[in-house]
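A short write-up of the structure that comes next.
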Amino acid sequence: MEKMQQVVGRARAAFRSGRSRPLEFRIQQLKALQRMVQEKEKEIMRALKADLNKSGPNAFTQELLGVLGALALTMEKLPSWAAPHHVKKDLLTLRDEAYIGYEPLGVVLVIGAWNYPFALVMQPLIGAIAAGNAVVVKPSEVSENTARLVAELLPQYLDKDLYAVVTGGVPETTELLTQRFDHILYTGNSAVGRIVMAAAAKHLTPVTLELGGKSPCYIDKDCDLAVACRRITWGKYMNCGQTCIAPDYILCDPSIQSKVVENIKATLKEFYGEDVKSSPDYERIVNQRHFKRVKSLLEGQKIAHGGETDEASRFIAPTILTDVSPDSKVMEEEIFGPVLPIVTVKSVEEAIEFINLREKPLALYVFSNNKQLIRRVIAETSSGGVTANDVIMHSVLPELPFGGVGES
Amino acid sequence: NPFAELVSHLRASWLSGKTQPMEYRVAQLEALERFLDDKKQQIMDATASDLAKAPFETELSEILVCKNELHETLNNLSHWMKGEKVDRILAMQLDSAFIRKDPYGVVLIIAPWNYPIQLFLVPLIGAIAAGNCVIVKPSEVSKKTERLVAEALPSYLDKDCFAVVTGGVQETTRLLENKFDYIFFTGTSHPPVGRIVMTAAAKHLTPVTLELGGKNPCYVSDTCDVTNVARRVAWGRFFNAGQTCIAPDYLLCTLEMQEKLLPALQKAIHDFYGPNPRESPDFGRIVSDKQFQRVQRLLGSGRVAIGGQTDEAERYIAPTVLVDVQPSDPIMQEEIFGPILPIIIITNVDEAIDFINSRERPLAVYAFSSDDKMVNQVLERTSSGGFCGNDTLMHVTLPSLPFGGIGNSGLGTHHGKFSFDTFSHPRGCLKRGMGRESLNAPRYPPYSQRKFGLIQATLKVTRKSDCALL
C-alpha cells in the first residue's frame, strides 16, 4: 500500500516547507473551510440523511452549527492562542527572556467516527490546522456518504498537499497506522483505541483518544422529575441514541422508577408524536450490524415502553427497560442506541458505589435539587466530564475541555 | 502477578478518598521534605558511591531542585486544586462551569539512575499533590540510592497509598502488566524502553509521560564571547560526568570557531577540574561497567583534541573533546551520556539548522551567539523539547517552564504546575438549575425552522462572548 506512504510523505514534505506556520496562512485555510461548510451545506446535509437519516434543522444543529462556531472562535482567538506565553522568572534568570512557545507538531492523523461523521472530522481538523500542522483525515467508512463527500470537498478548498483525506476500512486504517505521525486523534471505541495507541507507541506518537463507555445518569428523589426526564429524553434519543455522551443508563430509587417511565413516555409523545416511525425528527441505526447488536440487548428484559423494531429501515423505537439487572448484557457494553435501562438503587451511596465499580465513563449526569448531593456525586466519582441537572451540555461549552479518562 | 495485590491495595486506598483532602497531600509533601533533610548525608553518600557525584552537585541537583519543587507546590497547592472557572455563554450565565482537577488514581513512576533522587522525587511531588496513590520504581543501576529509597522512603509516607518497588527488567516488565491510571517514565530512548512502556500502557489505555532523550545539538556562531561559551558548554557537558539528559551532546561550529574554542575549552576544564580531573573531587564517574564500556568505545570516533584518558577500575573518563568527527561516526549515532564533546564542522547557520533538522527531534537545542537574530533563527527553524539561548541546562531550572521532549525525545511535560497538571485529569463540569426550562425549549423536537431560528438568534448574540452554540 504505497499510497499511504506517499500521502503521508507529501504531507510531511509540505509541512517541512514551513508554509503552514504563518498565522495568516492558517486563518486563510480556516476561512476556506468556513466557505466550504456554507457553500456545500446542501451536499453535506444530503450525505448525513443518507448515512443516519439526519435531516433539516436537526442535522444542521448537530453537525454544522458547532463546526461553524468552532471556526469563528478559532479564527478570532488564534493570535492569542499562538502567542508566546511569558513566565515567571527567578533571581538568576531575572534579566533573561523566558517563555513558552506554541509550535506545530508536524503531521497529525485524525480518525473520525460515524455517529457525527462530519463534525467529528471537522472539529479536530480545525484545531490541527489552527496549530499549524499538516493533517491526514480518515473519515469513518461506516458513514460512507459523508466519507466520500469529505474526500471530494477538502481538496477543493484546502491546500492539497498539507491536508489529505484517506478513505477505507480496517485494512486501510491498519496500513495508515504503520506510518509515522506526530499526533493521532482517534474517535471511536476502546478496543480500537488500544490498537491505535499500540501502533502509536512504535513511533512514540502522542495520542488523543475520544472513546466512550456507559455514561450513568443518577436521578435523585428530590428533583423536578418532569424537567429532568424531558432533558434526559432529549439527550438519550437524539441521533437514535448514537451519541458518545448520551445518558447510557439511569440509576434511581425504586419508588420513582414508574414516574420516570411515565415522564419519559409523555416527553417522547411530545417530541415524536404518536407514531415515532413517521416522525421526520427521529433517526435510524447506522447499519445492520449495529441494528442487530442493539436489538439483542432487549432480550430477556422488561420493556416498559417501546421495543418495536424494523430491520428493513433499521428502526428501533425509543425504548425504556425497567428493573434491569446489573449483570445483564445491556449493562455490559455501551448501548449506543435508543434503549434506556433503569437500574434501581436505594441510596446515593449505592449509586456512587455502582458507578465506581465500573470503568470510568465519558460523561456523568446527576439530577437533584440538593446542591450538596450533586457536589458529593461529582467529588466521589471520576468521569471525562459532568453535567448536573441536564445532559450533553458540558460538551457544548468550548471553554470546557472535552475528553475521557481511563477506558473512556 | 507478584504486584497485583499491591496495586489493588493502592487502588482501594485511592477509591476510599483518603488522598483527596488538601491537608493529607500537604502532610505527605511535608514528609518528603523531612526525608530530604533527615537523609541528606545518606543521599550524598549513596550518590557518591553510585556516581562519584561531588557533594556540591548532589546538593544542587538532587536536594535543592527537589526542595524548590516542594516549596513551589506547597505554596500553590490550594490554588491549583481549586480548578478553574471558565467563561460561559449568555444562555449559561446562571449556570456554573468549571474545570476540576481530579486525580487519576494509581500512578507508576519509573526513574533512571543519573539523578536518582531528583528524577523520582520531582514527579512524585506532582503525583501526590494531584491526589494520586503512587508506586515508585527507582533504578536498579544506581544501587546504593535504590536501597536507600526502598528502605527509608516508605517510613515517611502513608504505606496504604505509596510504595517503593525494586528490581530490574524482569520485575519492571511484570509491574507493567498491571493496570495503572498513569505511568511516568524517565529513561533512555535507546534501547527503546520508552516504546515498551507505552506499548504496555496501551493495553490498559493508560496515559503516559515519557521523559526520554536524544542528541542535544549546541550551535556556536562565529560572533560570540568564546571564553563564556566555552565555560557554559563545558559546565553543561561535564556536569555529572556527562550523564545528563539535557547535556549539550555535540557542538556545531565553523572551523575558525573550533580553533578558538579548543583552547578556551581546555582552559575551562582546567579551571573547573584542575590539571588532572581524575584527582578533582568535583568530577564524577560513569555509573556502571556496562555504561563505561559503551562510552569508552565512542572515543574511537574522530580524533582526541582534549582529554581522552580513561581508567576502567574507577570508571573514569576524562573530560574529552573530539574533532574531525563525521556525521556517520559511531559517536553521532547514539546519545553520548558521557563526558565527551564531539565537534562537527559546518560552514554557516543554515547548514547547522539543516543538520539538526535531518535528525530526530532532541530534548534540548542550544544556540550561542551575540547576535540575537541568529539565536532566534535556530529557535524558530528547529523543533525540540526545550531551548536555551546562550547557555546550557538553565531552561530546566525555572519551574514555570514546561520540561519535556517531542518525538523521540519524549511525550508530555512536568516541573512546577506542569507536574500537578500531568497527574490530574481535567474534568469539564457544568452545573445547571432545573428552572428556566423555557430557554431549553428550542432544542427539543419536533424540530422547526422557527425553533432553529431561535437557536441561531442566541448564537448571533453570544458570538462576541466567544462561544459557539445554544
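Just so you know, these numbers use all the heavy atoms, side chains as well, and skip hydrogens, waters and symmetry mates. Every value quoted in this text rests on a predicted model; they were computed, and no experiment measured them.
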Show the numbers, then the answer: is there a salt bridge (charged side-chain N to carboxylate O under 4.0 Å, His left out) between B:Lys431 and A:Asp390? CA-CA 8 Å; B:Lys431 285 189 193 170; A:Asp390 206 338; over 6 Å; no
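Remark: the backbone N or O of B:Tyr447 is paired with a side-chain donor or acceptor of A:Asp281 at under 3.5 angstrom. Using modelled atom types, one side-chain atom of A:Asn389 and one backbone atom of B:Arg432 make a donor-acceptor pair closer than 3.5 Å.
Contact between A:Ser383 and B:His425 at its shortest, heavy atoms only, is O-NE2, 2.9 Å. Closest of all the heavy-atom pairs between B:Ala202 and A:Ala198 is CB-N, 3.6 Å. Between A:Ala201 and B:Thr199, the closest heavy-atom pair is CB-OG1, 3.4 Å.
Using a 4.5 Å cut-off between heavy atoms, B:Arg361 touches chain A through its side chain atoms alone. For B:Lys451, no part sits under 4.5 Å from any heavy atom of chain A, backbone or side chain. With a 4.5 Å cut-off on non-hydrogen atoms, B:Ala201 touches chain A through its backbone and its side chain both. With a 4.5 Å cut-off on non-hydrogen atoms, B:His204 touches chain A through its backbone but not through its side chain. Contacts of B:Glu84 with chain A are absent, with no heavy-atom separation under 4.5 Å from either backbone or side chain. The part of B:Asp181 that comes within reach of chain A is its side chain, from C-beta onward, which places non-hydrogen atoms under 4.5 angstrom from that chain. With a 4.5 Å cut-off on non-hydrogen atoms, B:Phe387 does not touch chain A at all.
Between A:Glu399 and B:Arg88, none of the side-chain N atoms (NZ, or NE/NH1/NH2) sits under 4.0 Å from a carboxylate O, so this pair counts as no salt bridge. Contact check on B:Lys203 versus A:Glu407 returns no salt bridge, with no Lys/Arg side-chain nitrogen under 4.0 Å from an Asp/Glu carboxylate oxygen. Looking at A:Glu359 and B:Lys179, a side-chain N of the basic residue comes within less than 4.0 Å of a carboxylate O on the acidic one, giving a salt bridge.
Between A:Trp234 and B:Tyr444, the angle of the ring planes goes over 60°, which puts this pair in the perpendicular group of the 30/60° scheme.
Side-chain contact check for B:Pro445 versus A:Tyr272: some heavy-atom pair is nearer than 4.5 Å.
Between the side chains of B:Arg427 and A:Thr381, at least one donor N or O sits under 3.5 Å from an acceptor N or O.
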